[in-house]
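Since we're looking at a predicted model, the values are computed, not measured. Protein chains get the first letters and strands the later ones, always in sequence-line order, with residue 1 at the start of each.
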Amino acid sequence: MSLLKYESTLREPLVDGDYSVYREVTYGIGQWNLNKTIGWGWDITNFVWWVGIGHAGTLISAILLLFRQGWRTGVNRAAEAMTIFAVMCAGQFPIFHMGRVWDAFFVLPYANSRGPLWVNFASPLLWDVFAISTYFTVSLLFWYSGLIPDFATIRDRAKTKARKLWYGVVSFGWTGSTKHWQRHESLSLVLAGLSTPLVLSVHTIVSFDFATSVVPGWHTTIFPPYFVAGAIFSGFAMVQTLMLVTRKVMKLDDYITLGHIEAMNKVIVLTGSIVGIAYLTELFMAWYGGSKFEYDAFYKYRIAGPYGWSYWTMMTCNVISPQLFWSKKLRRNVAFTFIMSIVVNIGMWFERFVIIVTSVYRDYIPSSWSVYYRPSIWEVGFYLGTFGLFFTCYFLFSKFAPVIAIAEIKHVLKTSGESFKEKMDVIEKESVEHFAHGHAH
Amino acid sequence: MGQVKKYIVGCFDDEKVLFPAVKKVRAAGYKIQDVYTPMPIHGLDHALGMRETSLHTAGFIYGITGTTTALTCMSWVFTSDWPLNIGGKPHLPLPAFIPITFELTVLFAAVGMVLTFCYLCQLAPFVKKHHFHERATDDLMVMVIECTERTNEEEVKAMLNSNGAVEVNVQEAPVGWWLGRYDRPSKLFKTREVAY
Amino acid sequence: MSIDLNTCTGCAACVVACTAENNVPVVGKKQVAKYHEMHWLRIDRYYAANRKDQFDDVNVLFQPMLCQHCDNAPCENVCPVAATNHSSEGLNQMTYNRCIGTRYCANNCPFKVRRFNWLDFTGADSFPDNQQPLIDEGGMDAIVMDMNDDLTRMVLNPDVTVRSRGVIEKCSFCVQRLQEGKLKAKKASRPLIDGEVKTACMQACPTDAIVFGNYNDKESRIYKIRKEEQTKRTFYALEAIHVLPNVNYLAKVRNTDRHVGVKEEEHDGGEAHEAKKEEKKEAVPSGH
Amino acid sequence: MIREQFEMTGRYKQWAYALIGTGVLSLILGYVFLKPGEGTNSFGETKYWAVLMHNSIFFLLIAIASMFFISATTMAMGGWQTAMRRVPEAISGFVYVGGAIALAVLLGYIYMSHNTAIYHWKDTEHVAHDKILNGKKGFLNTTFYTVATILVIGTWMALRAWYRKNSLAEDAGQTGDRSYFWRSLTICAAFIVVYGLTVGSTTPWLWLMSIDAHWFSTMYSWYTFASSWVAGLSLIMLFIVYLKNKGYLEYVNEEHIHDVGKFIFAFSIFWTYLWFSQYMLIWYSNQPEETVYFQPRLLGPYRGIFFLNLIINFVAPILILMKRSSKRNYATVTFMSVVLIFGHWLDFYQMIMPGPLKGEVNGGNSAGLFIFDMGVAAGFIGLLMLIVGNKLTKASLLPKNHPFVKESIVHHT
């Protein structure tokens, strides 16, 4: 069974998105409801949102690998794929939010024909260019190097010529030689080690886009770790959403167990609470700092004021509702988890919206204060378009590539299953001294 | 490609059986060409007497290269090639160079390592190698022993059989890799029908 | 540049002069309603009343607001392509053909003086024929078409570029006039004389509220105003965020025994500039 | 027979008492030379109180970091550390004495001293004229300070006591009885929440950030946490290595050392990350209300300490602990632990001192007073040794009935 049968329902958002982008490029950003005060709205909100989602995959495969959390193997491959597709979606926004997309290559550092005019290496947006492209590349390499042995497994089971050709090409001639495995292990470990700080750096740099500025509500030092926590939070929520669907449709209940779901819910409640502390810290500092602009940004325009509803949506979805996961029963409830995963995604979207829009719409000088910002149909269309792209890519992936890391699962199967449980029962009953003696190094 | 050698192939389905077998075969003085396994098996590389890979050292060197590239390029551009006054910041705004320096370190290390890995293992699209057993990527561990003129085939086969191999055969296979497609049989070497 | 708030009457002659001099596009009513207007120079109004709800008896203060050409410009730092940077003369300059339109600088400008070309207002876009469809749809006013035929384009100042869609623009301190003046002086082998070059707004100001010049020249008007004549009245906009503007204002002084501010400025630990901004306290937004 | 009951050797005790003696002597000599009794807000008085505060807060926070270590690993079902679990448990036992001392110092400063150089906000008259401090009155006032401090330290003590009681009861209980383990999860969850709300947010604001009362940074608490956490991990490492050297902790081997070493390495980088984020954002945005904090540290008299802090806490661990073999080498990890505890002590030093002592470092008398600083720190170290040693003797070094203990024994990196 394949998820691809849902593809037709995605055609509409994709086409919608394409047309929105076409209009933006031909006629201009003026069709969006941004203005001289609100320079960024849905575009950058969506960018940050997608990038945040794109953190979970690498996080699961890298950090949890280093922390030896065995449960990650069930979900890591699909989560990594999700990462790559989410970053692809994210990348579109900073590109197409430019006034002159056709000159987007100006951000690349090369000595151009106008003389050695370089880029501004001190601009957070340029750091973004480096961070997002590095992250995309490294995630892709990490994901693909893990896929090679699995592709080889499928290649050797393939029945049709087309499949033999396709999997033959993508498996790079993998044989499973011991030396290759040794190098492969070393590669995975180092890539995991590199990806861990990388994944933190990406959202850190995204947060620098705001935190380096002088805009009240943007400039705050807690942003880097707080954005990272938020990214993990939203990323895990998106993994839950997708995995629960994949699990259901492809009948992977034995591979993605309630244990996996519960573990991810624990991460969600942890990161949700970290984010919550950060929200409260910001609120406190806005008062404590003694700057009127900062105070107004939080107390007049965020928790109250015309955008108050978005702030409270964010608070409810991100901080209050995940606390329900303290209950073990709810953590292991699939339907509830699915609903919560969507709630968290909505909440995290609003977090970025609140940060971006409520900060710029009224900053320093009252004469420039802006009106209430509503997105135009083209901004919404563009956003929906990335959904189409994301799910199309994900469904194609689930059709043509293994959603479960085959080789890794084989590795893990040694430490689970029935015979393992029997063995464990014996060990349970042994005394510590006896056990230790038997396992002396 | 071109050179064809003869190999004795023994297949195992349990790593607990494989390890003693590896030990015995090596003790008997035969050269194990390779063991093909569906998943990484810890300690097998040591059992086969392979040295540790230095791939991570290469990665470290690539990383350092990235760091230096980033720092020297940015410093050169900002201080000597075209110094601009941007926002009143110093011409060498070191804190602002850190993010890009970090990213390039990671990028160089990762890309360099993956390319080195592919080079060392000879992995690329359309690369084809001889596969001794199709289940080597599924659930069998396939031990391959190279035959020389001094190898007593029958003795080796018997040894493998007595050490728990579930399947033993002799194959002639080309050395190395060649360009080819998996949906077509290879015409590049004289075929002798093997296990599949 | 120094702007005297005492003499400013809020007549907006500077705004008109600036628009005419710098080919600032006319965007039409619909786009103005979307806050897409392009003025490089605007006049902010602040009202001071005794009580918050008492608007029949207010004191008004006009503050012409334009690019402050900050020395620590937050906008310059964030531009990824270095399209905006500082000239050696202290101008915060824009390179239109380098700009890719991320609008990051506009977000980060505390004075909100940067203007983005949201649509093709001048017909100078890389994409042809993209105005009429929008006008037909009702997204834009037909008036922007005026910039498309040769006759109406005669109003444009030939010394100033017409900006295309998708780039940021802002006050340049009439850099074309500065260059011209410098060239003339160079040809005559003499230094630029103070007051020889006037920005359009300075030239148009009927009350001479705006003074422009070289602050490094100790004989210049601007130096004398800041350092000798008006030391007590000189203040800079938003000094607390330390962007070091190159435009200073001279505080408005009223000869009245009526208490103006809502409440006495509290002692704030010796931050002198706060007191100068007394009149700006209890400001209410003007335009809406 | 394994040695699972720690006994303090005579030498250990001698060292502890000698260090405590050094501390007491330093305090007496400091009292004689600095004359803190003479003149409110005199240099001597400010310095004396600042040193007491610096050390009491630092050592309390690194001891409570052990409790966080236990809670975090328990919540994550991390079985690997069970075999050495009693070490952080013992270290967290310092919270009673350390907490009492900190309470005495902090409240002593608030109520016994007329000094206002450390906490400007104590001076109500000054606050009335200071617009910014006046705005913070609701948070920075003696009543709130007192209540919050007592509450925070009291909660830490209570939760630590509860955890320890449960842990000891497990030893006495039946093998295979998991009820203690489930209860420990509840306690740890409660502690994590409390830790997040105290060390992760409010406490560092109240105790430390309010020294530079005008200044603020939202990152501050997380930064303080990272600093105390790295030092706390190093402290755990030191005790493990010591016990291993004395032949205890039979089941702890270089695999466990390696993992603690990884933690130290990773969180040293994490500390640097937070340091960089806080510094870079303030540097980049360049607003006076924030840069005022770095002015004396980066450009003023504390410049040397500022960079030393970075070298010790970032450059040293990243270079020395990067290699796998160095994380498994007892000598290297011991050396790095000592270096890092000193490094983060220095980090706290540069967080606290530049605020009240604005002029020269230590009033120009750097060397002499730095010895005083170190002397007082030595006293705290001695006290820590004595108390932790004492707690280690109170229970078996192996929590035998813990469900994860076997997993810990076969732990393999």
Take atom CZ of A:Phe136 as the centre, draw a 6.0 Å sphere, and report whether it contains more than 12 heavy atoms from other residues, nucleotides or ligands. yes
Are there over 12 heavy-atom neighbours, none belonging to B:Tyr119, within less than 6.0 Å of that residue's OH? no
With a cut-off of under 6.0 Å to the ring centre and 45° to the axis, is A:Arg183 in cation-pi contact with B:Phe117? no
Does the side chain of B:Asp45 come under 3.5 Å of the side chain of A:Thr178 through a donor N or O and an acceptor N or O? no
Name the member of [options] that forms the most heavy-atom pairs with chain B at distances under 4.5 Å.
options                                : result
A:Gly168, A:Ser195, A:Ser177, A:Ser186 : A:Ser177
A:Val129, A:Ile148, A:Leu191, A:Leu198 : A:Leu198
A:Leu126, A:Leu165, A:Thr160, A:Ile154 : A:Leu165
A:Val138, A:Asp156, A:Asp150           : A:Asp156
A:Glu185, A:Arg163, A:His184, A:His180 : A:His180

Min side-chain heavy-atom separation [X]-[Y] under 4.5 Å:
X        : Y        : value
B:Val127 : A:Phe172 : no
A:Arg157 : B:Thr137 : yes
A:Asn120 : B:Phe78  : yes
B:Leu55  : A:Val190 : no
A:Trp181 : B:Ile41  : no
A:Phe130 : B:Pro99  : no
B:Arg181 : A:Lys164 : no
B:Asp34  : A:Thr175 : no

Interchain contact, [X] with chain A, by part (heavy-atom threshold 4.5 Å):
X        : answer
B:Gln122 : backbone
B:Ile86  : side chain
B:Ala109 : both

Let me know if A:Val170 has heavy atoms under 4.5 Å from chain B in its side chain, its backbone, both or neither. neither
With a 4.5 angstrom heavy-atom cut-off, which part of A:Pro197 approaches chain B: side chain, backbone, both or neither? both
Give, for atom CH2 of A:Trp127 and atom CD1 of B:Ile98, the distance between the pair rounded to the nearest 0.5 Å. 9.5 Å
Residue-level contacts of residues 206-214 of chain A with chain B, using a heavy-atom cutoff under 4.5 Å: A:Phe208
Nearest atoms (heavy-atom pairs only) where [X] meets [Y]:
X        : Y        : result
A:Gln182 : B:Arg51  : NE2-O, 3.0 Å
A:Trp174 : B:His131 : O-CE1, 3.3 Å
B:Ala110 : A:Leu194 : N-CD1, 3.9 Å
B:Ala96  : A:Ala122 : CB-CB, 3.7 Å

Begin with the C-alpha distance, continue with both residues' side-chain angles, and end with the deciding distance and a verdict on side-chain contact (heavy atoms from CB on, under 4.5 Å) for B:Val111 and A:Thr137. CA-CA 8 Å; B:Val111 172; A:Thr137 315; 4.1 Å; yes
Show your working on side-chain contact (heavy atoms from CB on, under 4.5 Å) between A:Leu187 and B:Thr53 and close with a plain yes or no. CA-CA 10 Å; A:Leu187 179 73; B:Thr53 169; over 6 Å; no
Any pair counted as side-chain hydrogen bond (donor to acceptor under 3.5 Å, both in side chains), so long as it reaches residues 92-108 of chain B, sequence neighbours left out: A:Ser201-B:Glu103, B:Thr67-B:Thr105
Out of B:Val142, B:Thr116, B:Val106, B:Asp139, which one racks up the most heavy-atom pairs below 4.5 Å with chain A? B:Val106
Can you tell me how the ring of B:Trp76 sits relative to the ring of A:Trp118, calling it parallel under 30°, perpendicular over 60° and tilted otherwise? perpendicular
Check: A:Tyr167 ring centre within less than 6.0 Å of B:Tyr182 ring centre: no
